[in-house]
Amino acid sequence: MPKFLSLVLDIPLKQSFTYSVPPDLEDLVRVGLRVIVPFGKREITGYIVDVLETFEADYQLKPIKRIVDKEPLYGKHEVDLAQWMSRFYLCSQGEALSMMIPGGRRDSGTPALESEDDLTIGSVKDLSAEQAAAIEAILSGSHPMFYLYGITGSGKSEVFLRCAEAMIEKGKQVIYLVPEITLTHQLARQVVNRFAGKVAILHSALTPSQRLAQWKKIKSGEVMLAIGARSAVFAPFENLGLVIIDEEHENSYKSGNTPRYHARQVAQRRCVEMKATLVMGSATPSLEAWSLMKEGKQMRCLRLDNRVGGGVPPQVDVVDMKFEKRTISRSLQEQMKLVLAKKKQVILFLNRRGYSYFFHCKSCGYEMVCPNCTVSLTYHREHNEMVCHYCGYRRKPIDVCPECHSLDVGYSGFGTEMVQQEVQLLFPNASIARLDTDSAKDKKHMVSVLDDFRNGKIDILLGTQMVAKGLNFPSVELVGIVLADSGMNIPDFRSQERTFSLLMQVSGRAGRYNDQGKVIIQTFHPENAAVAYAKVGDVDGFFDQELLMRKETGFPPYSRLINLVVRGRNQEKVIAQAACLEALLEGLASQITVEGAPTVLCNCECPLEKIASNWRHHILVMGTEASLAHRLVASALHQYTAPSGIYIEVDMDPLQLL
DNA sequence: AGCACGCCGACT
DNA sequence: GTCGGCGTGCTC
C-alpha cells in the first residue's frame, strides 16, 4: 500500500506539503515523527501531521529522504495545538509546531541540573489558614482558573507546590511556569529536590539534545512535573491536571518572535482542552488578569494577605527630584549613610528600559503627552518632532515650558554608569557593584556579583530589572529607586501599569526579613498614580483606577490590539505596502455593520524605524470585540500577498510596540 | 525563510 | 571583460 505524508514545515508558508514514501520506509512512518525532505534545492526538516493512503496531484511528488526519530515526538494534542496557534497567532502551522518541539537530533543523557548535595527537604511547614483555604479551593476544581493574589512573602510557592503534590498523587501531571531568571536560582532547586526523580526541567541554557531528552521524559510519562520558562507550557503531558504560572505579570511569558504567543493564552487553551486547572499568582497581577478576577466567572481570586514569616511591609518615602541637583537626593544619601554605618546593605534600582528621549521641564516636571492618547510623546530626532506612536499625532518640540514658562526644558535620561560614578563619589569607602542587562550577558559575572553581595563583600548593588526580580538578600535594609519616571515615559498605554508593578516588586526587596526595611522612590512626579499608590502599597486601589482609565480610553482589557509590522529593505516599498494593507483593512472594516467594528488606529513608522537595515512601519488595529478584530486581520492577511522583499509580522495582543 | 536566477554597476 | 549587488519567483 503506497503512503503519502502531509507535512508542515518551519517556513512562513501557510500550507502543508505532501510527499511520497519510498517502499522501504512505508511501515515506519507515523504522525509525530520528523522527516528530512528535499524542498526546492535544499533539504529541510518536515513534521508529519497526517499519513494518507491516497493522494492525487497534478504535479510530481517528491519522496522523503529519511526519518529522524525512532519514536513519535508529538501526537494529536500537539498537532491540534499547533493548528490552534497558527489560527490564533496567524502564523504557519509549521512555525508553531517547530516552536513547541525541541530541535535536538539525539538525546543527551547529561542531567539538566545537577542535584544538590545538601537536600534541604524542609521540614513540613505549617500552613496558614489562608494557604490551606487556597489549596482546598484549587483542588476542588470549582473554577477553570484561579489567581493567587498575595504580597511578597505570603507563601504562594508553598501553595503551588502542595497543589502540585496533590495532583501528582492523583496521577495527574503538572506544568510549573516561572520567569526565565528564576530558573537558575532557588525555586528551581527547591522544586527539583521536592519532586526528586519526577521532574523535568526546561531552561534556556539547555542544549537542543538535553532539551530533547527532557521532552522525551515528559512524553513517556517518566516524570510528572515539568518546570520551565515560557516554552515549558508545551510540555507534552497526556494527562495534564494543573498548570501553574508563577509571577503571572511577567512580560517574558510572551514570545518576542513569530509566533508571538503568550504562555498564559496557550496555557488557558491547553487547560480547557484537557480539563485541567490553571493557577496563576503574583503580588502585582497584569491588568488582564485583574479584570478577569473582577468578573469572577472564569477566574476565582484567592487572596493571601498575610506574610507567613511575619515582618511588616517596608516604609516607603517619595522624594521629589525637582528640588534636587544630583541623581542621588540628599535624603537618599542620608539613609544610605545610616544603613551602611550599620553594616547593612543597599540596593539601588534604575529602570533604563526606556531608551527613547522624553521631553520634560526641569523646573516643574511638566512632560509632553499626546492629547488623544494617554501616552507620552517621543522625540524624533530626524524630523525634530514630538510624535505619538498610537495615533500618529505630532507636534513641534518646544523650548519654553507651557506650564511654568521656564526655559529649563530638555530631553533627558541618565544611565546606571553615571549613577555609579556619583555614588562612588558620595561613598568613597563603600564597595559598589553594577548589574545590568549588558553585564549579565556574562553569566559568571552575574553569579559572582550576586554571591559577593550575599556574602557582604559588596555594600551597594546598583542595577536594572534583574535586581528587582525574585532575589532575596537578608541584609538589605534600604532600596533606592533612583528614578521611578523612566518607565513612565515609554510611549505606551501600559507604562503606568509597568511602573507600578516594578515599584512594588523593587519595594519587596527591602525588609523581607526584618521590620527595618525602607524604600525611597525618587521621582519628578510624586503625584503620579503609580508612585502614589506604590507609596501606600495600595495594589487594589491602583488597579481599580487604572482599569477605569483603560475603560475611558478603550485600551485593553476593554479591547483587543493587533499590531502588524511591515518590514523590508526598501523604504518606499514598505510605505506603499503598509498603505496597501491599511486600505485592505479599512475596506474590510467598513463592511462590518454590527456593533464593535475594529478600527485602524495608526499606520506609521515603528518607534524603531529601522532595524538591521530593515525599514519598519506598523499598523495598529483595535477592536472592542476581540473576535471581530481577529477575523478582520485574518481575512485581510488572507487576501493580501506580500511582494518579495516585504515581510509582515503579526503581533496579537502586543505588550510593546517597538 | 532560503535559494537560484537574472539583470545592471565598478573592479581585478 | 567578470564579480556581486538585490529584485523576483518558487518551493510538494
Side-chain angles (χ1 to χ4, degrees), chain A residues 1-26 28-68 79 82-83 85-87 89-103 105 208 231 255-261 564-581 610-617 637-652:
Chain A
M1 195 58 124
K3 282 186 178 166
F4 304 93
L5 301 179
S6 201
L7 304 185
V8 293
L9 310 171
D10 184 15
I11 48 173
L13 295 175
K14 286 158 196 162
Q15 53 184 276
S16 62
F17 292 84
T18 311
Y19 284 80
S20 61
V21 183
D24 57 317
L25 296 176
E26 260 172 27
L28 301 171
V29 292
R30 263 185 290 167
V31 172
L33 299 173
R34 294 172 296 175
V35 289
I36 302 296
V37 292
F39 186 68
K41 306 225 157 146
R42 62 201 161 119
E43 284 186 358
I44 58 172
T45 303
Y47 300 84
I48 305 180
V49 294
D50 206 358
V51 180
L52 312 164
E53 299 288 315
T54 58
F55 186 77
E56 273 151 54
D58 46 11
Y59 49 82
Q60 185 63 49
L61 292 185
K62 287 184 185 176
I64 62 166
K65 266 250 146 44
R66 60 190 178 85
I67 302 173
V68 176
V79 173
Q83 190 162 53
M85 281 180 71
S86 76
R87 281 203 275 259
Y89 294 108
L90 305 171
C91 65
S92 79
Q93 217 185 311
E95 284 174 311
L97 203 55
S98 73
M99 161 78 63
M100 340 186 353
I101 288 158
R105 281 280 133 89
S231 65
S255 166
N257 24 45
T258 312
R260 293 172 172 266
Y261 70 95
L564 300 170
V565 178
V566 182
R567 173 171 68 80
R569 290 208 247 225
N570 182 322
Q571 190 184 14
E572 283 92 68
K573 211 162 155 184
V574 167
I575 293 169
Q577 287 306 308
C580 172
L581 189 55
K610 196 179 173 190
I611 292 180
S613 71
N614 264 242
W615 294 90
R616 304 160 76 242
H617 271 238
L637 288 176
H638 188 72
Q639 287 177 37
Y640 174 83
T641 35
S644 59
I646 293 292
Y647 307 88
I648 310 288
E649 267 160 36
V650 184
D651 195 350
M652 192 63 60

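Every heavy atom of this structure was used, including side-chain atoms; hydrogens, water molecules and symmetry mates were not. Here is how names work: the chains are called A, B, and so on, in the same order as the sequence lines, proteins then strands, and each is numbered from 1. If you're wondering where the values come from, they're calculated on a predicted model, not measured in any experiment.
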Full working for side chain to side chain contact (heavy atoms under 4.5 Å, CB included) between R105(A) and T45(A): CA-CA 11 Å; R105(A) 281 280 133 89; T45(A) 303; 3.1 Å; yes
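- At distances below 3.5 Å, at least one donor-acceptor pair connects side-chain atoms of S92(A) with backbone N or O atoms of I11(A).
- Straight-line distance from the CD atom of E649(A) to the C1' atom of dA1(B): 12 Å, rounded to whole Å.
- At a threshold of 4.0 Å, the pair R616(A)-E649(A) does not count as salt-bridged, since none of the basic side-chain nitrogens sits closer than that to a carboxylate oxygen.
- Heavy-atom distances to DNA chain B give each of K41(A) and P12(A) a nearest nucleotide, and the one nearer the 5′ end belongs to P12(A).
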Residues 19-26 of chain A side chain polar contacts: donor-acceptor under 3.5 Å, at least two apart:
residue	atom	partner	partner atom	Å
Y19(A)	OH	P38(A)	O	2.8
S20(A)	OG	K62(A)	O	3.4

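- Atom pair E43(A):CD and dC3(B):P shows a separation of 12 Å (rounding to whole Å applied).
- When rounded to the nearest whole Å, the span between CG of D10(A) and P of dC3(B) equals 14 Å.
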B/S/- contact track for nucleotides 7-12 of chain C, protein heavy atom under 4.0 Å: -BB-BB
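- Contact check for T18(A) versus L61(A): side-chain heavy atoms found under the 4.5 Å cut-off.
- You'll find the side chain of L5(A) reaches within 4.5 Å of the side chain of V51(A), heavy atoms only.
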